[in-house]
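Take a look at the structure set out below.
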Number of protein chains: 2
Amino acid sequence: MTKRVTSFDVAKLAGVSRSVVSAVLNGTPGIGVSEEKREAVLKAIQELNYQVDAQARGMKTGRSHCIAAYGNVSNPMFLQVLEGMQGACAAHGYHVLLYPSSKEPQHTIDGLLDLYLQRRIDGIVALDRPHQANEAWIRQLVKHRLPYVSVEGYPHHEEVPSVLMDYQESIRRALDFLWGNVGLPPVYVEMHHGAHTLGWGDQQRREAYELWMKEHGLQPRIAAASADLSWEEGAEHWKRCIQEWGLPTAVLTNWSRGAVYVSRAAQMMGVPVGEQLHVMAADNTKRIHEYLYPSITSMEVPYREMGSAAAERLVEYIEGRRPYEDKSTQWLPAILAVRQSVATVSS
Amino acid sequence: MTKRVTSFDVAKLAGVSRSVVSAVLNGTPGIGVSEEKREAVLKAIQELNYQVDAQARGMKTGRSHCIAAYGNVSNPMFLQVLEGMQGACAAHGYHVLLYPSSKEPQHTIDGLLDLYLQRRIDGIVALDRPHQANEAWIRQLVKHRLPYVSVEGYPHHEEVPSVLMDYQESIRRALDFLWGNVGLPPVYVEMHHGAHTLGWGDQQRREAYELWMKEHGLQPRIAAASADLSWEEGAEHWKRCIQEWGLPTAVLTNWSRGAVYVSRAAQMMGVPVGEQLHVMAADNTKRIHEYLYPSITSMEVPYREMGSAAAERLVEYIEGRRPYEDKSTQWLPAILAVRQSVATVSS
DNA sequence: CTGTTAGCGCCTTCAG
DNA sequence: CTGAAGGCGCTAACAG
C-alpha cells in the first residue's frame, strides 16, 4: 500500500510552490512559469507517478468530467452508442457513467437529475427516450440547465437537442442502390407490431418509399405484415407474397427481421436469394449477418456515430462552446452495408 | 438556474447544526439524534431537494462509489455483464464507469490504474482479460491494493479473484438433458479458430464430454471443425458429417455457431431438426435465436449473473467485508434454455 | 445528545 | 514570477 501522492509532494520534490504545480498541470493562462521550473515539475510528476485527485479538483471546479449514458441495457444497439460516446469522451477527457433506464424505483428518471445535482455528472446522453409524458421532466432539465442530448428521440422538439438518422435519405439511398444494381421496381415490406402503429421513423421510411417510386414513375407496392406471427404462419404468408410479386423481384424491408423472413421463405421455395430475389433491409443486421446465408444487404443505423456525435455535442454544451439555447437537431446519414442478398453490378 | 443547496441550508431550515445533518444522512453509528430533529432534517432535505455533493463527500471519505467496468465494447456479451454489474451496484449505491479495452494510447490498461489513483473509481470488474503478459500489471494492482475482480478470466490464479462459469458442469447438464430427452448417444462438435488451439473453457468442455461418455459406457464421437471455412465448404463438411453419424442422432456443439451450421446443413438435406436430428449448443445463442428456425436449445453462459456476482464481490472488498487476501474463484452454473432444436419428453 | 472545529486536496486570488 | 491564504462542501473527532 503506497501512500497517496499529493501536489504538495510534487512541489517539494520540484522545489516550487503548489500553485506552480497547479499552473503547470492546468496550463493556466496568464500565469508564466519559467521553462526550467516547468520541466522540474513535470519530472517530479513522472517520478512520483502523481495523479490529480479527481474529487478534489471536481469540488473546486464544479465539474466531474463524467457524463451519463441513459439507456436500455438489454438493447444490443445501446452498446454501439456507448462505444461511440466512449470514443468522443475519451478525446475530451471525459468519462462515461452508465445509467440504465428501468422501472426499478431506485433507477427512475429522476435519479438522473439527482446525479447532476450531486455533481456526479456534467450532462446526459440519452438513447431511450423517456416517455411521452415526460414534458414535466424536460422542464426540470431546462430549469436546472442540465446539458442533455438525445439519440434517436424527439425530432423537432423545441427543448431537446437530438441526434438522429435521416430515415428518408436512408430509404432513398437504399432504393437507388437496389435500382442501380438489379433494375427492378422494389416492393416495400413494412413490418410492425400488433395494432398497426408505426413509429416516426417507419412513417418517414414509408413516405420516402412512396415518393421515390412516384419520382421514378413506378407503382408503389407495399406489403405490411405483423412481426408477431408464428413461424409457420409467417412462412405461409411470405411464400404467398413472393408468388404474388412474381420473379425476379427486388424487396426492401423496413426491419431486418422482415428481410430474414422473406429470404427464408424464398429458400424454402427453392428461389435463389441474391439472384432471382433480391432482398435488402433498411435497418441493422450487423449483429446477426454472420449467422445468415445469404447475409443481408442493408442500410445500417449509424449508432456508433450517433453516440459519438451526441457526446461531442454534449461536451460543447458543458464547456460553454455551444449556447445552451441551441436545441437544433442533427441528422446523420445511414451506412450502406453491401452483402450477399442483392446481386451487384461490378462497375 | 437554481443555486446549489448545501447541507448548511438544510441545517438552517431544520434548526440544527451541520453535523447533525451529516449524521442523519449517513446514519452514523454511535451518534444519537433525537427523533424530532431527525424528522426536521428529513423534511428540510425534502423541501429543498437537497442532494449531497458527491465530490465533496468523496474527497472526505476517499471513496468515489464508482467502479470501473473494463471490457470490449464491441462484444455484445459485455452488455449483459454490464447489466448484471449495474443491478448489483445500484443495490449498494455504486455507479458503473465504462472503461473500454482498446489499443488506443489514451485507453491503455494503465489508464485504469490511474483512474484509481485519481480516486475516480474504487475498484474494477474486468471482462476482458488483459494479456497474458500482464503479470507485471497484476503486481501493480496488488501493490496498490486495488480491488479487482475478473469475469471469465484467470481460473486458479493466485492473485486475481475471478467469477467463472462451471464449464464442466455445463456440459454434464447439457448431456444429461439430451440423453434424458432423446436417449441417443450425443456426438460432440468442437469448433475452433485457425490453428487448433482451444481455450481453457473449451478444453474443460471436451474433457467433461469424454468423461461423461465414459461414465455412461458410450463411445465418444468428436467432430472438430474450423470456424473459418467458407459457407460452401462448411455446408459440404456438415452434410458429410451428418451422413456419417447416421440418423436419428443427437449433437452437442461447443459454440452456438456450430449448432447453427449443423442445423442448416440438416435442413438442406431435408432432415427435420428437432425430430431426426437433435442439436444443442453449449454456448449462448440468446441474441440470435429469434432469427433462427428451429431455435437452438443451449446452455447459456450466465453473463448477467457473472457481472452481478463480480460487482457484489468487488463491493465486499471495497467496504472491507471481505479481506483483500481472499482471491478465491467463484463458479456459477450455466443456464439451460430449452428451445426447438431438441425434442423434449413432456414429463 | 449537540455544537464547534479541523482538515480532505485542489485551485485561485492576492500580496510580495 | 513566486509564496501565502482562503475556501469549495462535507465528515469525523472532540469538546461542551
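Lettering of chains follows the sequences in order, A, B, ..., and the numbering in each one begins at 1. Values below: all heavy atoms of this structure, side chains included; hydrogens, waters and symmetry mates excluded. Keep in mind it's a predicted model, so treat the numbers as computed, not measured.
Taking atom CD1 on Ile45(A) and atom P on dC10(C), their separation rounds to 10 Å, with Å as the unit. Atoms CG (Asp53(B)) and C1' (dG9(D)) sit 6 Å apart, rounded to a whole Å. In this structure, Leu25(A) atom CG and dC11(C) atom C1' are separated by 11 Å, rounded to whole Å. Rounding to whole angstrom units, CZ of residue Phe8(A) and C1' of dG7(C) are separated by 15 Å. Taking atom NZ of residue Lys12(B) and atom C1' of nucleotide dG3(C), one finds them 17 Å apart after rounding to whole Å. Distance Arg57(A) CZ to dG7(D) C1': 18 Å, rounded to the nearest Å. Taking atom CZ on Arg120(B) and atom P on dG9(C), their separation rounds to 17 Å, with Å as the unit. Separating the CZ atom of Arg4(B) from the P atom of dG9(D) is a distance of 7 Å, rounded to the nearest angstrom.
The rotation axes computed at either terminus of the helix from dC1(C)-dG16(D) to dG16(C)-dC1(D) lie 50° apart, taking five pairs at each end and rounding to 10 degrees.
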The test is side-chain contact (heavy atoms from CB on, under 4.5 Å); show your working for His144(B) and Gln140(B) and say whether it passes.
CA-CA 6 Å; His144(B) 291 281; Gln140(B) 286 282 312; 3.9 Å; yes
So Cys66(A) and Arg120(B), side-chain contact (heavy atoms from CB on, under 4.5 Å) or not? Walk me through it.
CA-CA 10 Å; Cys66(A) 271; Arg120(B) 207 180 264 292; 4.0 Å; yes
Take Tyr50(A) and Leu25(A) through the side-chain contact (heavy atoms from CB on, under 4.5 Å) test and state the conclusion after the steps.
CA-CA 11 Å; Tyr50(A) 166 66; Leu25(A) 240 43; 3.7 Å; yes
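The closest side-chain heavy-atom distance from Glu135(A) to His157(A) is below 4.5 Å. Looking at Val16(B) and Val24(B), their side chains never come closer than 4.5 Å, going by heavy atoms from C-beta outward. Here the side chains of Ser328(B) and Arg313(B) are in contact, with some heavy-atom distance below 4.5 Å.
Relative orientation of the Trp331(B) and His156(B) rings is tilted, given thresholds of 30° and 60° on the angle between their planes.
Of the candidates dC11(C), dT11(D), dG3(C), the closest approach to any side-chain atom of Val52(A) belongs to dC11(C). Proximity note for Thr6(B) (side chain, C-beta onward) versus dT11(D), dG9(D), dC10(C): the nearest is dG9(D).
One finds the CE atom of Met85(A) at 13.0 Å from the CE atom of Met306(A) (value rounded to the nearest 0.5 Å).
For DNA chain D, the residues of residues 59-66 of chain A within the heavy-atom distance limit of 4.0 Å (strictly under) are Met59(A), Lys60(A), sorted by number.
Ion pairing between Asp53(B) and Lys60(B) fails under the 4.0 Å rule for side-chain N and carboxylate O.
The minimum heavy-atom distance between Val142(A) and Glu159(A), with the atom names listed, is CG2-OE1, 3.9 Å.
Under 4.0 angstrom from either OP1 or OP2 of dC10(D) there lies no side-chain N or O belonging to Ser22(B). Side-chain nitrogen and oxygen atoms of Arg18(A) include none within less than 4.0 Å of the OP1 or OP2 phosphate oxygen of dG9(C). OP1 or OP2 of dC10(D) has at least one side-chain nitrogen or oxygen of Tyr50(B) nearer than 4.0 Å.
Both Ala56(B) and Gly15(B) lie close to DNA chain C; mapped to their nearest nucleotides by heavy-atom distance, the more 5′-ward contact belongs to Gly15(B).
No engagement by Val21(B) is indicated, since no non-hydrogen atom pair under 4.0 Å with the nucleic acid exists.
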